[in-house]
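So the structure is just underneath, and the comments pick up after that.
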Amino acid sequence: MESKIEVVGLNAGFGSTHVLKNISLSIPRNRVTAIIGPSGCGKSTFVRCLNRIHELVPGAWVRGKVLLDGKNIYDSDADPVEVRRRVGMVFQKPNPFPAMSIFDNVAYGPRIHGVKDVHRVVEESLKKAALWEEVKHRLSHSPVSLSGGQQQRLCIARALAVKPEVILFDEPCSALDPVATAKIEELVLELKENYTIVIVTHNMQQAARIADYTAFFLMGELVEFGETAEIFENPRDKRTEDYITGRFG
Amino acid sequence: MRQSLPSGKRLRGEPASPDILFQAALAVLAALSVLALAALLLLVLLRDSLPAITAFGFDFLLSTEWNPVAGEFGALPFIYGTIVSSLLALVIGVPLSLGIAVYLAEIAPAKVRAVLTPVIELLAAIPSVIIGLWGIFVLAPFVREHLAEPLMEHAGFLPIFSGPAYGYSVLTASLVLAIMIIPIISSISREAILAVPRLQKEGALALGATRFEMLMSVVLPYARGAIFGAVMLGLGRAIGETMAVTMVIGNSPKLFTSLLHPGYTMAAVIANEFTEATEDLYLAALIEIGLILFLISMLVNVLARLITRRYRRVAGGV
């Protein structure tokens with residue numbers, strides 16, 4: 001399987017706290033890769049290292065390599081703004097910009113990147129995020145009026161509008177009800193046709209439902225990585241087995 | 001057994017404790033006394049300005065004649081002077097304040113921030129008469145010699161920059177006012193910017209926004225309600241500021257066109273002429289100006305509160 005992102009010897013943390021310990025992992029192109037593990041195992045920090053968002057927190061540090069199409073995003077000549085344009089992100093809690101309309105939220109990325117045909121991009125992105133039918137008559141409204149699930153799909157549309165190659169989902173359903181969660185999962189499965197997807201989840205059923213590959217993190221280490229079916233049915237490591245059978249976490 | 005709850009909260013249906021009754025009574029009394037004080041102030045202003053109100057009626061607001069010796073009293077030059085100098089102070093002070101706020105909240109290294117933040121807030125502690133003195137000895141000559149000259153030369157075709165240039169002018173007064181409102185606007189705005197959730201900032205950056213784009217298009221709009229409130233507080237301060245303005249505005253009751261010319265404000269005329277106002281009508285006219293000043297200040301504050309609250313509700317949804 002061809003890999004889109006190759007992580008080599010990644011270490012990261014905050015100040016004297018060492019969160020990620022020597023992670024090496026390759027994320028396959030046009031597949032869904034799930035990152036699972038108990039709270040505090042570093043799975044969020046891991047994906048935040050993939051688009052250089054981690055380093056924005058005061059005191060944060062990163063060592064090691066993250067190769068995006070073979071090019072290290074932490075090279076001194078790599079531009080973090082460009083990296084973030086290519087690697088989009090959807091956060092734990094929906095975070096639409098409340099001061100902008102629904103339309104302007106989606107148009108934000110295309111506009112700052114100087115895209116000409118913003119209207120078409122917005123419509124396309126909202127359609128891909130399965131939100132178009134629900135909002136097409138109120139594009140000028142504030143996103144505050146949308147439900148949590150709709151807000152999260154708006155954030156997905158906003159990320160898609162930038163035309164990224166990779167989309168990182170950081171526990172995108174943790175603030176959503178089961179119906180909204182099902183919609184987001186369906187969407188993730190559709191999106192993998194065209195995007196490489198990494199999804200952090202603490203919900204193992206979710207990983208089993210949508211991920212092609214699964215990585216199990218524990219206390220900042222990558223314990224096991226492989227095809228989802230392998231990880232869930234035939235884990236090689238005792239700790240993985242304990243976690244997925246619910247013995248801890 | 002009834003369990004005591006932390007932080008004084010009580011369960012629904014539980015009888016109000018004497019403590020809460022006491023608190024409520026205090027709150028009501030405090031609120032009433034403030035309201036009563038404001039109402040009393042308004043009444044006194046109304047009563048004492050009654051001779052002027054009956055003598056001039058609505059014309060008082062529209063007349064530009066201010067000639068106490070001849071018994072002519074018109075408030076327009078003062079109202080005009082107050083509004084123009086205050087708005088100009090905002091035009092000068094708001095961009096600077098926002099720049100300071102963004103710098104201190106988002107850009108400055110921790111050490112610079114720790115030094116600069118209290119220094120700027122200390123500016124607010126300088127007595128206005130001191131700022132006025134500085135205005136007289138430093139700013140007014142500077143405006144006359146270094147600012148007015150190029151303005152007349154390059155923008156003199158605009159009526160607002162026509163000569164001749166005086167040091168004691170509306171522009172000087174507005175510069176002084178701008179300096180006086182920068183601490184309040186910048187410190188409230190800084191707090192508003194700091195209160196923008198990290199998730200909003202990361203959301204913008206994750207879309208490939210630069211830091212500057214994030215600040216301008218996401219952070220400032222998110223904080224706009226509080227920033228607007230800060231600007232209105234600054235405006236309120238500028239409208240009511242007396243001493244420093246009186247010392248540098250030139251105190252000439254005319255409807256000026258050029259900002260390089262002297263003007264007059266409501267607060268300044270009251271302060272300057274109160275002791276000279278020996279006739280009843282003169283005194284009443286000054287007090288009526290005070291009444292107008294009071295009402296305008298109230299209006300600005302009420303508007304500020306209403307708009308701030310509306311924005312806060314919108315932002316609260318996300």
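Every chain is numbered from 1, with letters handed out A, B, ... down the list of sequences. It should be emphasised that the depicted structure is a prediction, and the values quoted were computed from it without experimental measurement.
The candidate with the highest count of non-hydrogen atom pairs below 4.5 Å against chain B, out of A:Arg85, A:Met89, A:Arg158, is A:Arg158. Top candidate by heavy-atom pairs under 4.5 Å with chain A, chosen from B:Leu207, B:Val218, B:Thr210, is B:Leu207. Heavy-atom pairs under 4.5 Å with chain A were tallied for B:Glu202, B:Glu213, B:Arg211; the largest tally goes to B:Glu202.
In this structure, A:Lys93 and B:Pro197 have side chains that are not in contact, with every pair of non-hydrogen atoms separated by 4.5 Å or more.
For B:Arg305, the CZ atom counts as loosely surrounded, since its 6.0 Å shell holds 12 or fewer non-hydrogen atoms of other residues, nucleotides or ligands.
Put simply, OG on B:Ser217 and CE on A:Met100 are 5.0 Å apart, with the number rounded to the nearest 0.5 Å.
Using a 4.5 Å cut-off between heavy atoms, B:Ala204 contacts chain A through both its backbone and its side chain. In this structure, the portion of B:Arg198 lying under 4.5 Å from any heavy atom of chain A is its side chain and not its backbone.
With sequence neighbours excluded, no residue forms a salt bridge (Lys or Arg N to Asp or Glu O under 4.0 Å) with A:Glu193.
Taking non-hydrogen atoms and a 4.5 Å limit, the residue list of residues 113-135 of chain A in contact with chain B, ordered by number, reads A:His113. Contacts between residues 163-179 of chain A and chain B, counted as heavy-atom pairs separated by less than 4.5 Å, involve no residue at all. For residues 55-83 of chain A, the interface with chain B (any heavy-atom pair closer than 4.5 Å) comprises A:Leu56, A:Val57, A:Val81, sorted by residue number.
For B:Gly203 against A:Phe97, the heavy-atom pair with the smallest separation is C-CZ, 4.0 Å. Nearest heavy-atom pair across A:Asn51 and B:Ala206 is ND2-CB, 4.3 Å.
Side chain of A:Asn95 to backbone of B:Leu199: a donor-acceptor contact under 3.5 angstrom is found.
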